[in-house]
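Below: one structure, written as structure tokens.
Proteins get letters first, then strands, A, B, ... in listed order; numbering begins at 1 in each.
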Number of protein chains: 2
Amino acid sequence: MARKKVTLAYITNDATRRATLKKRRRGLLKKVNELSILCGVSACAVVYSPQSDQPEVFPSSEEAKRILTELADLPEIDKNKKMVNQRTFLEQRLMKLSQQARRLEHENKELSTAVCLRQCLAGRSVESLSKEEAEDLLDLVDRKAKALQVRMHQLGPLMLPPVVDDVDVREMVSYDGAAIEAMRQYEWIQGGGGGVLLANRFI
Amino acid sequence: MARKKVTLAYITNDATRRATLKKRRRGLLKKVNELSILCGVSACAVVYSPQSDQPEVFPSSEEAKRILTELADLPEIDKNKKMVNQRTFLEQRLMKLSQQARRLEHENKELSTAVCLRQCLAGRSVESLSKEEAEDLLDLVDRKAKALQVRMHQLGPLMLPPVVDDVDVREMVSYDGAAIEAMRQYEWIQGGGGGVLLANRFI
DNA sequence: TTACCTATATATAATAT
DNA sequence: TATATTATATATAGGTA
């Protein structure tokens, strides 16, 4: 975990593997120690060394035996139902990672679509979009519109802003205050940052 | 291990302790998993949760039982002689930390003495030193002198530098080149960086 | 082999959502 | 309660002595 991201696979180089075992074993026992003290729980760990070495046991072989005996005494049903073993541990991790991947993928797609929207507003022809892009864009705009309607409904009657046609925002700086205020209002309605200013040219 | 260095002691706040247990337990099992894969060793860990929760076992209760059975089968002598349990683990850590503390203390003392030396060279009266400081300083200077003699002997006959009295280094910048070169030579003899330039006014 | 160093990778405490 | 974020603290890989 340093100098280089290590791949989770058996280390073939002897010296490296032994060094890693030594370092990580020490680190692991330290963690077990900390956990049991910080949280006041009983915990134990056993790590076998390869060759003739003896296992390292924490916190003591007696405590480990006691804990493992309790474990053995649990009825099979409980063991399979409630315990977290390697399989469930890995399954949990996998599930969580998958979720995260999906989230990120979705987020990525939304951002891509937002880029499409801006490009189209900036003059890109809708024909140049792929089918998927077009669908996503339609969906995005649809959702934005609905959200906007909800908010407008929540706010009740509202003074509509004057129509603003293809005006470069930079020009608006020296435009009249009413239009700018209207746009501010719109931005607020849409929730501000990150939203695309659709003004009154939806679709 | 973040935002604040945590003291190794039971966490009294309930919510905090539970959150810590959850996070660290997950981290611990991840480590056991990595260790067993990276180094190809069998390892297991069991962490009991407080209340009604079930223990978390890695990699599986079967494997844990198998490992602990092996453990139980070891003769008592081996267990006490070769196994690393909590006591020996803590003793090892303590020993190592003590060594480190001694090293740092010694280093610290050397640095303090070096400061004394510089102060004295800069005009501080030797009378203002405490007995211990004076002794340390004497010792330091003695060692420096011996090291210097060794190096001079190694180098053979050497052109001695001209005497340089109480001269502010800043003045020396505009001093004559010979003196500066002599000082450089001396610094080199003494090993450079960190050494105190004693010139020819030892003691 | 052991210890030490240092750049990075991870773990995680406190906090916000 | 769970998750996300962020600032720090630790762990540790690869090298060196």
Within this structure, what is the [atom1]-to-[atom2] distance between [X] and [N], rounded to whole angstrom?
| X | N | atom1 | atom2 | result |
| --- | --- | --- | --- | --- |
| B:L21 | C:dA11 | CG | C1' | 15 Å |
| B:L28 | C:dT10 | CG | C1' | 14 Å |
| B:R25 | D:dA2 | CZ | P | 11 Å |
| B:L29 | C:dT12 | CG | P | 11 Å |

Close side-chain approach of [X] to [Y], heavy-atom, < 4.5 Å:
| X | Y | answer |
| --- | --- | --- |
| B:T12 | B:R17 | no |
| B:C116 | B:L129 | yes |
| A:C39 | B:T20 | yes |

Strictly below 4.0 Å: does [X] bring a side-chain N or O up to OP1 or OP2 of [N]?
| X | N | value |
| --- | --- | --- |
| A:K31 | C:dT12 | yes |
| B:R26 | C:dT12 | no |
| B:K22 | D:dA2 | yes |
| B:K30 | C:dA11 | yes |

Inset, instruction - Just name whichever nucleotide pairs with D:dG15, Watson-Crick or G-U, keeping both distances under 3.5 Å, else none. - result: C:dC4
Inset, instruction - Record whether the side chain of A:R3 comes under 3.5 Å of the base of C:dT6 through a donor-acceptor pair of N or O atoms. - result: yes
Inset, instruction - Answer with yes or no whether A:K23 presents, from its side chain, a donor or acceptor under 3.5 Å of a partner atom in the base of D:dA11. - result: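 Answer no: no donor N or O sits under 3.5 Å from an acceptor.
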Legend entry - Position toward the 5' end of DNA chain C (nearest nucleotide), B:T20 or A:K5: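 The residue mapped nearer the 5' terminus is A:K5.
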Legend entry - Side-chain (B:E133) to main-chain (B:S130) donor-acceptor, under 3.5 angstrom: yes
Inset, instruction - Please tell me which of B:L38 and B:V6 maps to the more 5' nucleotide of DNA chain D, matching each residue to the nucleotide holding its nearest heavy atom. - result: B:V6
Legend entry - Residue closer to the 5' end of DNA chain D, B:K4 versus A:R24 (nearest nucleotide): B:K4
Inset, instruction - Would you mind telling me which of C:dT12, D:dT1, D:dA13 lies closest to the side-chain atoms of B:R18? - result: D:dT1
Inset, instruction - For B:R124 and B:S128, test the side chains for any donor-to-acceptor distance below 3.5 angstrom and give the result as yes or no. - result: yes
